[in-house]
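Starting from 1, each residue takes its place in the sequence as its number. As a basis for the values below, the full set of heavy atoms in this structure was taken, side chains included, without hydrogen atoms, waters or symmetry mates.
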Amino acid sequence: MSDETVSHRTHRVAVIALHPIQYQAGLWREMASQPKLDVRVLYLDSIGVDGSIEPVTGRPVKWDVPLLEGYSHEFVPNWSPWVWTALVHRVNPRLLSLIWRGGYSAIVVHGYVTLSNWLALAAARVRGTRVVFRGEGTLLGPRSTRRTPGKAFARMFSALFLKACDAIAYSCEDNRQYLLSRGAPAERLFPMPCAVDNRLLAELAESASDPANFRAHHGIPPSAVVVISVGQLIERKRMQDAIEALAAPPLRGLPEVHLVIIGNGPERERLEAQARALGLEGRVHLLGFLGQRPLVEALLASDLFVIGSSEDPSPKALSEALFLGLPAICSDRVGTCPELVEHGRNGFSFPCGNLMQLASRIAELVPHRERRREMGKESRRIAKQNDFAAGVEAMVRKLDELEGRR
């Protein structure tokens with residue numbers, strides 16, 4: 001097959017997705033709009049559109065933005081009664097016939113911790129269909145160095161899965177190193193940047209209400225400098241660090257600094273108690289879960305984004321905040337931090353758990369509105385370079401390359 005023939009060929013691709021997720025829907029739409037791709041998303045469950053309970057937060061999961069528009073999709077029956085249990089949470093035998101009869105030139109699988117991903121891999125290998133892997137993982141964060149049979153078994157199976165794939169996408173350098181450590185062949189890796197739906201964010205920002213309305217609704221003074229943090233209220237997100245930093249010496253004497261925390265989870269009561277104990281009730285605002293529209297309004301009403309996670313491969317809230325023009329102060333345990341936060345240009349990194357450095361970095365930007373604005377412009381520039389279009393183009397190039405080798 002000539003290079004010219006490959007460059008004009010359309011790739012028929014099946015995407016194997018756990019369930020509809022607001023952070024992925026835009027990617028599927030971008031893939032569907034690419035002339036060289038004929039895409040169909042095969043969902044392994046309907047969580048996200050049916051209001052099912054998410055176990056971490058204990059709340060129904062249902063998003064306020066379109067999740068199923070703009071691309072071809074179908075829901076594959078899930079036989080598993082354990083939809084939140086690793087490995088057996090997706091058991092979809094019909095995948096075998098869909099991949100066998102679908103005439104796909106490639107499938108895209110996300111992760112290897114579900115039985116159905118292994119079924120999809122097996123069907124594709126027998127059928128002669130190319131397999132592209134996408135998965136999140138990080139080498140950062142606290143990890144036990146103790147060797148156990150379970151860990152050895154898990155690494156063996158991850159290596160088996162990755163070595164059976166034709167191409168493996170990584171979102172950042174940390175993710176690349178993680179995949180290599182799990183047995184991924186280096187020559188099959190290709191970059192596909194971590195991204196969010198910049199097009200949707202721009203539309204929501206255009207129609208958002210005045211930031212003053214958001215502040216007034218939540219009792220935040222118009223003149224306040226608002227620090228915002230977004231994520232599930234779970235231990236590894238370390239939301240308590242932002243609250244503690246507000247009471248640290250660099251910020252203790254700055255009552256104009258307010259903290260907004262968005263998200264739900266088991267840590268909420270403890271965080272509320274912490275804010276009361278530190279005398280910060282009027283300056284810490286825990287707003288719970290917000291849909292995509294009110295989340296955009298919250299970010300637009302804020303001055304500075306903070307993420308203090310101890311283990312976080314590619315938090316999408318960071319990418320959203322950057323696109324909406326916020327400087328970011330980011331823990332060094334966030335996988336995408338080196339790519340998305342240029343120290344001193346659009347924000348700062350700090351050692352995870354170092355409250356004094358976190359407080360000092362926030363205090364450094366509080367009195368300088370113009371500097372925050374300039375850093376926010378840099379954030380937006382970086383976010384625009386890491387959009388879905390760039391990732392889809394990288395995937396098409398890889399599929400062309402694979403087809404040329406056939």
* Side-chain heavy atoms of Ile228 within contact of Leu326, under 4.5 Å -> yes

* Partners passing side-chain hydrogen bond (donor to acceptor under 3.5 Å, both in side chains) against Arg188 (at least two apart in sequence or in another chain) -> none

* May I ask you to decide whether Arg130 forms a salt bridge with Glu403, counting only side-chain N to carboxylate O separations under 4.0 Å? => no

* Quick one: do Glu272 and Arg268 make a salt bridge, cutoff under 4.0 Å? -> yes

* Could you go step by step and tell me if Ser209 and Glu297 meet the side chain to side chain donor-acceptor pair (under 3.5 Å) rule? -> CA-CA 7 Å; Ser209 64; Glu297 293 186 341; 3.3 Å; yes

* Contact check, side chains of Ser314 and Asn175, non-hydrogen atoms, under 4.5 Å -> no

* Whether Arg372 side chain and Val366 backbone form a donor-acceptor pair below 3.5 Å -> yes

* **Flag, side chain of Asn346 to backbone of Gly376, donor-acceptor distance under 3.5 Å** => no

* To do: Walk me through it: do Leu27 and Arg134 pass the test side-chain contact (heavy atoms from CB on, under 4.5 Å)?
  => CA-CA 13 Å; Leu27 177 58; Arg134 291 185 74 228; 3.3 Å; yes

* Would you say Glu339's side chain and Glu173's backbone share a donor-acceptor pair under 3.5 angstrom? -> yes

* Charged N to carboxylate O below 4.0 Å: is that the case for Glu244 and Arg238? -> no

* Face-on cation placement of Arg40 at Tyr71 ring, 6.0 Å and 45° thresholds -> no

* **Any donor-acceptor pair under 3.5 Å from Ser80 side chain to Val88 backbone** => yes

* Does the pair His89 and Asn78 meet the rule for a side chain to side chain donor-acceptor pair (under 3.5 Å), with working shown? -> CA-CA 9 Å; His89 58 318; Asn78 181 17; over 6 Å; no

* Judged by atom type as modelled, is there a donor-acceptor pair below 3.5 Å linking the side chain of Ser331 to the main-chain atoms of Ser310? -> no

* Hey, are the side chains of Leu44 and Ile16 touching, using non-hydrogen atoms and a 4.5 Å cut-off? -> yes

* Please check if any side-chain donor atom of Ser349 sits under 3.5 Å from a side-chain acceptor atom of Asp332, or the reverse. => no

* Asked: To the nearest 0.5 Å, what is the distance between CH2 (Trp28) and CD1 (Ile21)?
  -> 8.0 Å

* To do: Report the C-alpha separation of Gln292 and Asp197 in whole Å, then their side-chain angles, then the decisive distance to 0.1 Å, and conclude whether the side-chain contact (heavy atoms from CB on, under 4.5 Å) test is met.
  => CA-CA 11 Å; Gln292 202 67 29; Asp197 194 342; over 6 Å; no

* Residues, nucleotides or ligands: over 12 heavy atoms within 6.0 Å of Arg369 CZ -> no

* To do: Could you give me the CA-CA distance, side-chain angles and deciding distance for Arg215 and Asp210, then say whether salt bridge (charged side-chain N to carboxylate O under 4.0 Å, His left out) is met?
  => CA-CA 9 Å; Arg215 291 189 174 210; Asp210 191 306; over 6 Å; no

* Side chain proximity check, Gln274 to Leu280, heavy atoms < 4.5 angstrom -> no

* **Results of side-chain hydrogen bond (donor to acceptor under 3.5 Å, both in side chains) for Asn117 - residues two or more places apart only** => none

* Using a strict 4.0 Å threshold on nitrogen-to-oxygen distance, state whether Asp303 and Arg373 make a salt bridge. => no

* Does Arg381 come within less than 4.0 Å of Glu378, counting only side-chain N to carboxylate O? -> yes

* Does any non-hydrogen side-chain atom of Leu189 lie less than 4.5 Å from one of Leu180? -> yes

* **Output field: ring centroids Tyr112/Phe133 closer than 6.0 Å** => yes

* Asked: Do the ring planes of His73 and Phe75 sit parallel (below 30°), tilted (30 to 60°) or perpendicular (above 60°)?
  -> perpendicular

* Indicate whether any N or O donor in one side chain lies under 3.5 Å from an N or O acceptor in the other, for Ser379 and Lys377. => no

* To do: Return the minimal non-hydrogen interatomic distance between Val13 and Val108, and the atom names on each side.
  => CG1-CG2, 3.7 Å

* To do: Assess Arg361 against Phe348: is NZ or CZ under 6.0 Å from the centre of the six-membered ring, and within 45 degrees of the ring's axis?
  => yes

* Does the side-chain contact (heavy atoms from CB on, under 4.5 Å) test come out yes or no for Ile261 and Ile243, once each step is laid out? -> CA-CA 9 Å; Ile261 295 177; Ile243 298 175; 3.9 Å; yes

* To do: Give, for atom CZ of Phe190 and atom CZ of Arg176, the distance between the pair rounded to the nearest 0.5 Å.
  => 14.0 Å

* Asked: Under the side-chain contact (heavy atoms from CB on, under 4.5 Å) criterion, do Val91 and Trp82 qualify, and how do the steps go?
  -> CA-CA 9 Å; Val91 181; Trp82 305 290; over 6 Å; no

* To do: Take Glu30 and Gln34 through the test side chain to side chain donor-acceptor pair (under 3.5 Å) and record every step on the way to the result.
  => CA-CA 6 Å; Glu30 185 67 36; Gln34 164 61 247; over 6 Å; no

* To do: With rounding to the nearest 0.5 Å, note down the distance linking CG in Asn264 to CD in Gln232.
  => 9.5 Å

